[in-house]
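A, B, ... follow the sequence lines: proteins, then strands. Residue 1 opens every chain. Computed from a predicted model, the values in this text were never measured in an experiment.
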Amino acid sequence: DAGVIQSPRHEVTEMGQEVTLRCKPISGHNSLFWYRQTMMRGLELLIYFNNNVPIDDSGMPEDRFSAKMPNASFSTLKIQPSEPRDSAVYFCASSTLEGQPQHFGDGTRLSIL
Amino acid sequence: QKEVEQNSGPLSVPEGAIASLNCTYSDRGSQSFFWYRQYSGKSPELIMFIYSNGDKEDGRFTAQLNKASQYVSLLIRDSQPSDSATYLCAVNGYGGSQGNLIFGKGTKLSVKP
């Protein structure tokens with residue numbers, strides 16, 4: 001079975017550019033999560049969706065970040081404009097239901113120069 | 001502020017020994033508890049989950065939960081060098097955010113041949 005699929009795997013771009021990260025959850029999973037991981041702060045939840053509806057976006061750092069889930073099989077996380085401090089690994093995860101085990105994608109390693 | 005605390009390590013054990021990883025959490029209402037393993041440069045991988053007080057065994061892994069003490073642990077028997085990784089403890093939220101997980105910053109385990 002296919003796991004959570006994220007793209008791109010790596011992204012290097014200049015400060016001020018728009019960055020779009022993509023995620024395809026496991027088929028049949030109703031909850032989708034976006035995380036950011038850094039050495040200093042560890043793994044932090046940015047936002048999560050349940051049945052395509054955003055439930056908790058309190059972890060989104062600021063208005064430069066936005067996330068959408070237009071259907072059950074696709075989600076995007078957008079940063080506009082990007083800043084060097086956004087450099088991190090961004091993970092997408094999905095689960096069957098809230099509170100159930102989450103399965104992670106391979107992540108996107110983002111570097112903002 | 002909901003928190004999950006782990007000793008950052010590194011925890012070093014000889015091959016064949018038992019590795020004991022510990023985690024405490026602040027939210028008494030938490031219901032679901034997870035252990036993830038993360039190799040360097042890779043995504044978190046679910047290895048155990050536990051919902052009820054007591055022990056849960058899966059192969060060489062045993063998860064232990066004590067809700068009264070707000071404590072969850074992971075034991076790895078017959079540790080192997082391939083077990084060397086960072087182990088993340090995760091606890092579910094409560095109320096309107098029951099679906100999300102709060103992660104500790106992880107304990108780095110090193111198993112010496």
For [X], I'd like to know if atom [atom1] has over 12 heavy atoms of other residues, nucleotides or ligands within 6.0 Å.
X: B:Lys108; atom1: NZ; value: no
X: A:Glu62; atom1: CD; value: yes
X: A:Asp63; atom1: CG; value: no
X: B:Lys67; atom1: NZ; value: yes

Do you reckon [X] sits in the same ILVMFWY cluster as [Y], going by side-chain contacts under 4.5 Å, direct or chained?
X: A:Leu77; Y: A:Phe91; result: no
X: B:Val91; Y: B:Met48; result: yes
X: A:Leu43; Y: A:Met60; result: no
X: B:Tyr87; Y: B:Tyr25; result: yes
X: A:Ile55; Y: A:Trp34; result: no

Next item on the list: List the steps and the verdict of side-chain contact (heavy atoms from CB on, under 4.5 Å) for A:Gln102 and B:Tyr36.
Entry: CA-CA 10 Å; A:Gln102 295 179 18; B:Tyr36 285 82; 3.5 Å; yes
Does any backbone or side-chain atom of [X] lie under 4.5 Å from a heavy atom of chain B? Answer side chain, backbone, both or neither.
X: A:Leu45; result: side chain
X: A:Gln37; result: side chain
X: A:Met40; result: backbone

Next item on the list: Please name the pair of heavy atoms, one in B:Pro44 and one in A:Phe104, separated by the smallest distance, quoted to 0.1 Å.
Entry: O-CB, 3.6 Å
Check: Looking only at heavy atoms, which two atoms of B:Phe49 and A:Pro101 are closest? And how far apart?
Finding: CD2-CG, 3.7 Å
Atom pair [atom1] ([X]) and [atom2] ([Y]), whose distance is rounded to the nearest 0.5 Å:
X: A:Arg41; Y: B:Phe103; atom1: CZ; atom2: CZ; answer: 15.5 Å
X: B:Ser32; Y: A:Gln100; atom1: OG; atom2: CD; answer: 7.0 Å
X: B:Leu101; Y: A:Tyr35; atom1: CG; atom2: OH; answer: 4.5 Å

Margin query: If the contact rule is any heavy atom under 4.5 Å from chain B, which residues of residues 105-113 of chain A qualify, in numerical order?
Written below: A:Gly105, A:Asp106, A:Arg109
Check: By a 4.5 Å heavy-atom criterion (distance strictly below it), what part of B:Lys105 contacts chain A: side chain, backbone, both, or neither?
Finding: side chain
Next item on the list: Check whether B:Glu45 gets within reach of chain A through its side chain, its backbone, both or neither, counting any heavy atom under 4.5 Å.
Entry: neither
